[in-house]
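Below is one structure, written out as structure tokens; comments come after it.
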Amino acid sequence: MFRTVLIANRGEIARRIAGTLRVMGIRSVAVFSEADRGALHTRAADDALPIGAPEPGASYLRAEALLEAARRAGADAIHPGYGFLAENAAFAAAVEAAGLTFIGPTPEQVRTLGDKRSARALAERAGVPVVPGAEGADPAALQRAAKSLGLPVIVKAAFGGGGKGMQVVEREEDLGAALDSARRLAVSAFGDATLYLEKRLERARHVEVQIFGDGRGGAIHLFERDCTLQRRHQKVVEESPSPVLDERRRRALTDAAVALAREARYRGAGTAEFLLAPDGRFYFLEINTRLQVEHPVTEAVTGLDLVRLQLEVAAGGALPLRQEDVVRRGHAIEARLYAEDAAHGFLPQAGRAERVRWPSAPFVRVDAGIESGDAVPVHYDPILAKVIASGADRTAAIERLAAALDDTLVHGVITNLPFLRALARSREVAEGRFDTEWVEREFLAGFSALAMAPAPELALAAAALAERLLVAPGGTGRTGAEAVPDPFTTLGRWRLPGLG
Ligand code: ADP
């Protein structure tokens, strides 16, 4: 096993990885940009090294700085977490060239599966259905393809990720403009202009399968996660198991994922993503070659530590368990807490989280990147924490999640808590009746109106209270909207029917 692991990331995921390293008796070394000096993830690790200026390109995305830190730390492996360089094949190769272990798949696998077109080709070889689509550089050919696929289609960047750069085209005459703007975005966000088309599946659900491979053709799955609750193609709430799969379909889906992993001779942890159509058919979307944000729901229902499994596969080259050793039990659900203003277009927020209170309750786990007094820099993804609740069944898990979110407080930075609380208590979520666009199409319409119009006297009272709570020793106190506690907490039982 490794002696020292460098964690090439920040925030909640860096802290999460440090937690497992501690349990395993492996020395953890964090890295930090100037904006993250003293951050929670650096306090959670055994050591921490500076890697540069706040901008991601000057720190967390700088391969040489990370390798230099690994050398200084005497690390024998690097865990990339998610985001940043986690799916960068050149980084994976550079880590291996430096004689260190990259905790992830081979650089070649990162490259092949990072290109959604070659991933689709792999799925076809493995006999797994893909979303009907078309590729090619010629706009006229794409135009014809869109017509034969049938509109609406989605224009995607071949190397895209994070729900970015996808354009839905409803009318044939809009395709040209969509291709142009998607191409520009693909170049600026992913450094590659390659696009392709997919037919848009209507009222689909997002269901993904956690896989682990040994790199030699052996692979297992750790069941599925349902990540259908999304906003702008980005996951908001994830759960396991999926509320809509029966055992037969679950089996078909997990078999397909394992077939993909085998075909790729996949090494380490990965996620095969699928869209599930209303008729029960599923279609391969892509493979993510890293630990996912939502991995804790899988941990909650399987009792397995996914970071530990990653380390064991990376160090030993074999899977530490067989398929029949993976047993699923109960239900788990996760909500992503972001520093963003749900009432104002989910605008990302930054500042200092003067006071933070994480929930503490049975069957509740919090993976947090901040504590009271910590900074939330403007430079990075605004994820602050994940709240995960589990239970014997789905209803119990959702009830615990809703209560845990009520118990969560973040003062000093606006968060999406009001949105999450309302979501966790909505009837459709309770009934499992939603598709990937339901949040935007239906839920948010009712939500923002209320969140943007709190009673004026309430806002004043809240501001006064916040003022009292937030006066730091020797400080000046804070005023204004950023200090106003959200109405969903303060209203107590006086919530509007249907939303509370
Ligand atoms: P990214 O890699 O940017 O995350 P994905 O291809 O994984 O993009 O898709 C992200 C989300 O976008 C999906 O979960 C789904 O909600 C939506 N989506 C993607 N492709 C389609 C499609 N062909 N039809 C309908 N929705 C889609």
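Both ligands and their constituent atoms are indexed starting at 1 by order of listing. Heavy atoms only: backbone and side chains are in, while hydrogens, waters and symmetry mates are out. Values in this document were obtained by computation on a predicted structure and should not be read as measured data. We count residues from 1, following the sequence as given.
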For Lys116, the ligand 1 atoms with a heavy-atom partner under 4.0 Å come out as 1 (P), 2 (O), 3 (O), 5 (P), 6 (O), 8 (O)
Show which atoms of ligand 1 fall inside a sub-4.0 Å distance from at least one heavy-atom site of Gln230. 11 (C), 13 (C), 14 (O), 15 (C), 16 (O)
Less than 4.0 angstrom from a charged side-chain N to a carboxylate O is my criterion; do Glu247 and Arg250 meet it? yes
For ligand 1, which atoms sit closer than 4.0 Å to a heavy atom of Leu201? 22 (C), 24 (N), 25 (C)
Could you list the atoms of ligand 1 found under 4.0 angstrom from a heavy atom of Arg200? 24 (N), 25 (C)
Could you check whether Arg231 makes a cation-pi contact with Phe346, meaning its NZ or CZ is under 6.0 Å from the centre of the six-membered ring and within 45° of the ring axis? yes
For the residue pair Thr271 and Asn288, confirm or rule out a side-chain donor-acceptor distance under 3.5 Å. no
Per-atom contacts of ligand 1 with Thr436, taking only distances under 4.0 Å to non-hydrogen atoms: 16 (O)
Ligand 1 atoms in contact with Leu285 (distance to a heavy atom under 4.0 Å): 6 (O), 7 (O), 9 (O), 13 (C), 19 (C), 20 (N)
Could you identify the single nearest non-hydrogen protein atom to atom 7 (O) of ligand 1 and state the distance to 0.1 Å? Glu286 OE2, 2.6 Å
Check each atom of ligand 1 against the heavy atoms of His206 and keep those under 4.0 Å away; list them by number with element. 13 (C), 14 (O)
The reported gap from CD in Gln167 to OG in Ser181 (rounded to nearest 0.5 angstrom) is 3.5 Å
Step by step, work out the salt bridge (charged side-chain N to carboxylate O under 4.0 Å, His left out) result for Glu238 and Arg225. CA-CA 7 Å; Glu238 307 97 343; Arg225 293 180 288 260; over 6 Å; no
re atom 3 (O) of ligand 1, the protein heavy-atom contact at minimum distance is Gly163 N, 2.6 Å
Would you call Arg200 and Glu437 a salt bridge, taking side-chain N to carboxylate O under 4.0 Å as the test? yes
Can you sort out which atoms of ligand 1 are near Val131, meaning under 4.0 Å from one of its heavy atoms? 23 (N)
Checking heavy-atom distances from atom 12 (O) of ligand 1 to each of Lys235, Glu273, His233, Arg231, the winner is His233
The option among Lys164, Arg205, Glu208, Lys199 carrying the non-hydrogen atom nearest to atom 23 (N) of ligand 1 is Lys199
Closest to atom 19 (C) of ligand 1 (judged by heavy-atom distance), picking from Glu202, Glu198, Lys156: Lys156
Give a yes/no verdict on a cation-pi contact between Arg117 and Tyr196, requiring under 6.0 Å between NZ or CZ and the six-membered ring centre and an angle within 45° of the axis. no
Over 60° means perpendicular and under 30° means parallel, so tell me whether Phe84 and Tyr380 are parallel, tilted or perpendicular. perpendicular
N/O to N/O below 3.5 Å, does that happen between Ile154 and ligand 1? no
Please determine whether any non-hydrogen atom of Gly162 lies less than 4.0 Å from an atom of ligand 1. yes
Where does Met166 meet ligand 1, judged by heavy-atom distances below 4.0 Å: at the side chain, the backbone, both, or neither? side chain
Just to verify, which of Glu334, Arg394, Glu224 counts as forming a side-chain contact (heavy atoms from CB on, under 4.5 Å) with Glu239? Arg394
Check this for me: does any side-chain nitrogen of one of Asp214 and Arg267 sit under 4.0 Å from a carboxylate oxygen of the other? no
